[in-house]
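First listed ligand is number 1; within each ligand, the first listed atom is number 1. Just so you know, these numbers come straight off a predicted model, no measurement behind them. All residue numbers in this chain count up from 1 along the given sequence.
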Amino acid sequence: MNKVKLHDLEFVPYLSEADILARVQELGTQLAADYSGRTPCFLVVLKGAAIFAADLIRATGIPCELTFIELASYEGTASSGAVRMATKLPQRLSGKDVIVVEDIIDTGRTMHFLLPQLEAIGAKSTAIATLLHKPDAQQFDLDLQYVGFEIPNDFVVGYGLDYEQHGRELSAIYVKK
Ligand code: 5GP
Ligand code: MG
């Protein structure tokens with residue numbers, strides 16, 4: 001893996017494709033055991049979690065439903081301090097076991113904003129599956145049931161995560177130099 005340049009910034013390899021896929025498989029196995037006999041609904045937070053979700057859902061191999069929401073809270077390489085909901089919350093989540101699929105938990109603001117709304121529309125249960133978590137950046141209290149990797153408070157791209165819409169196609173994860 002070599003370094004990559006996106007817009008004005010350089011990024012260096014951080015998590016290899018093989019490491020990511022191995023960990024995603026473990027999370028899938030764990031979800032399959034925990035949701036055995038149920039048909040959960042994966043709620044994928046666009047856009048960043050799309051690539052992770054595609055691999056995670058196939059790794060679980062269990063019957064499920066799938067829906068999406070688009071939320072945005074980042075500007076450039078920092079949290080903007082506000083969460084923007086670009087699409088409406090799907091109403092069909094009422095009565096469902098919802099697994100929110102996120103790319104990364106940073107301050108925790110996005111999930112702190114979303115979870116009460118899922119409860120308000122009558123989700124039967126909620127859980128969070130996130131590929132990455134930055135414990136040192138977290139400001140909002142959350143129950144994180146499924147975490148791929150805990151990482152330092154640095155800006156990362158790849159495997160769905162972008163810098164100004166670039167870098168999502170990278171199979172590995174890279175960190176800002
Ligand atoms: P939070 O609301 O937890 O502060 O931030 C969550 C969202 O911010 C993530 O879903 C992601 O879109 C974005 N984000 C946080 N940290 C990073 C990062 O290191 N790289 C990228 N590309 N996005 C990030
Ligand atoms: Mg996200």
Side-chain angles (χ1 to χ4, degrees), residues 1 3-17 19-20 23-24 27 31 41-57 66-90 93 98-120 126-177:
M1 292 201 292
K3 65 182 181 192
V4 295
K5 185 152 195 242
L6 303 172
H7 299 293
D8 53 324
L9 298 181
E10 280 195 7
F11 295 82
V12 293
Y14 182 64
L15 291 170
S16 72
E17 179 178 11
D19 288 347
I20 296 167
R23 184 67 186 126
V24 171
L27 291 178
L31 280 161
C41 183
F42 289 97
L43 172 62
V44 181
V45 182
L46 298 174
K47 303 173 186 146
I51 309 274
F52 169 48
D55 286 338
L56 181 68
I57 290 165
L66 176 57
T67 189
F68 302 90
I69 189 168
E70 184 171 353
L71 301 173
S73 69
Y74 246 56
E75 282 167 6
T77 63
S79 179
S80 69
V83 182
R84 190 172 57 81
M85 205 186 246
T87 59
K88 281 194 190 151
L89 193 62
L93 295 173
V98 179
I99 303 168
V100 180
V101 184
E102 251 293 31
D103 49 1
I104 184 164
I105 307 288
D106 182 64
T107 63
R109 184 176 281 109
T110 306
M111 289 301 101
H112 181 79
F113 167 86
L114 182 64
L115 288 186
Q117 301 190 46
L118 294 177
E119 279 154 31
T126 57
I128 299 172
T130 186
L131 179 68
L132 305 172
H133 177 215
K134 295 179 184 172
D136 296 341
Q138 200 177 332
Q139 298 171 21
F140 298 86
D141 204 30
L142 292 170
D143 276 337
L144 298 177
Q145 291 83 358
Y146 306 96
V147 176
F149 302 91
E150 293 203 332
I151 66 167
N153 192 7
D154 296 318
F155 186 74
V156 293
V157 295
Y159 195 66
L161 291 107
D162 72 306
Y163 168 51
E164 302 286 16
Q165 301 305 326
H166 284 200
R168 297 193 196 275
E169 75 285 2
L170 299 165
S171 301
I173 290 180
Y174 294 74
V175 65
K176 185 163 89 84
K177 228 174 137 183

If I compare all heavy atoms of Val147 with all of Leu144, which pair ends up nearest, and what's the gap? CG2-CB, 3.8 Å
With distance as the sole test, does His112 use its side chain to make a donor-acceptor pair with the main-chain N or O of Leu142 at under 3.5 Å? no
Pick out the protein N or O atoms lying less than 3.5 Å from any N or O of ligand 1, and list each pair with its distance.
| from | atom 1 | to | atom 2 | distance (Å) |
| --- | --- | --- | --- | --- |
| ligand 1 | 2 (O) | Arg109 | N | 3.4 |
| ligand 1 | 2 (O) | Thr110 | N | 2.8 |
| ligand 1 | 2 (O) | Thr110 | OG1 | 2.5 |
| ligand 1 | 3 (O) | Asp106 | N | 2.9 |
| ligand 1 | 3 (O) | Thr107 | N | 3.2 |
| ligand 1 | 3 (O) | Gly108 | N | 2.7 |
| ligand 1 | 4 (O) | Thr107 | N | 2.8 |
| ligand 1 | 4 (O) | Thr107 | OG1 | 2.4 |
| ligand 1 | 10 (O) | Glu102 | OE1 | 3.1 |
| ligand 1 | 10 (O) | Glu102 | OE2 | 3.0 |
| ligand 1 | 10 (O) | Asp103 | OD1 | 2.8 |
| ligand 1 | 16 (N) | Tyr74 | OH | 3.2 |
| ligand 1 | 16 (N) | Lys134 | NZ | 3.2 |
| ligand 1 | 19 (O) | Lys134 | NZ | 2.8 |
| ligand 1 | 19 (O) | Val156 | N | 3.0 |
| ligand 1 | 20 (N) | Val156 | O | 2.7 |
| ligand 1 | 22 (N) | Val156 | O | 3.1 |
| ligand 1 | 22 (N) | Asp162 | O | 2.7 |

Step by step, would you call His133 with Ile104 a side chain to side chain contact (heavy atoms under 4.5 Å, CB included)? CA-CA 5 Å; His133 177 215; Ile104 184 164; over 6 Å; no
When you measure from the side chain of Arg84 to the backbone N and O of Ala72, does any donor-acceptor pair fall under 3.5 Å? no
Qualifying residues under side chain to side chain donor-acceptor pair (under 3.5 Å), relative to Lys177, sequence neighbours excluded: Glu10
For Phe113, all residues meeting ring pair (Phe, Tyr, Trp, His ring centres under 6.0 Å), sequence neighbours excluded: none
Which atom names give the shortest non-hydrogen contact between Leu15 and Ile20, and what distance separates them? O-CD1, 3.8 Å
Enumerate the protein N/O/S atoms at a distance below 2.8 Å from the Mg ion (ligand 2), ignoring waters. Glu102 OE1, Asp103 OD1
So, Ser171 side chain and Glu17 main chain: donor-acceptor pair closer than 3.5 Å or not? no
In terms of relative ring orientation, are Phe11 and Tyr163 parallel, tilted or perpendicular, with 30° and 60° separating the classes? tilted
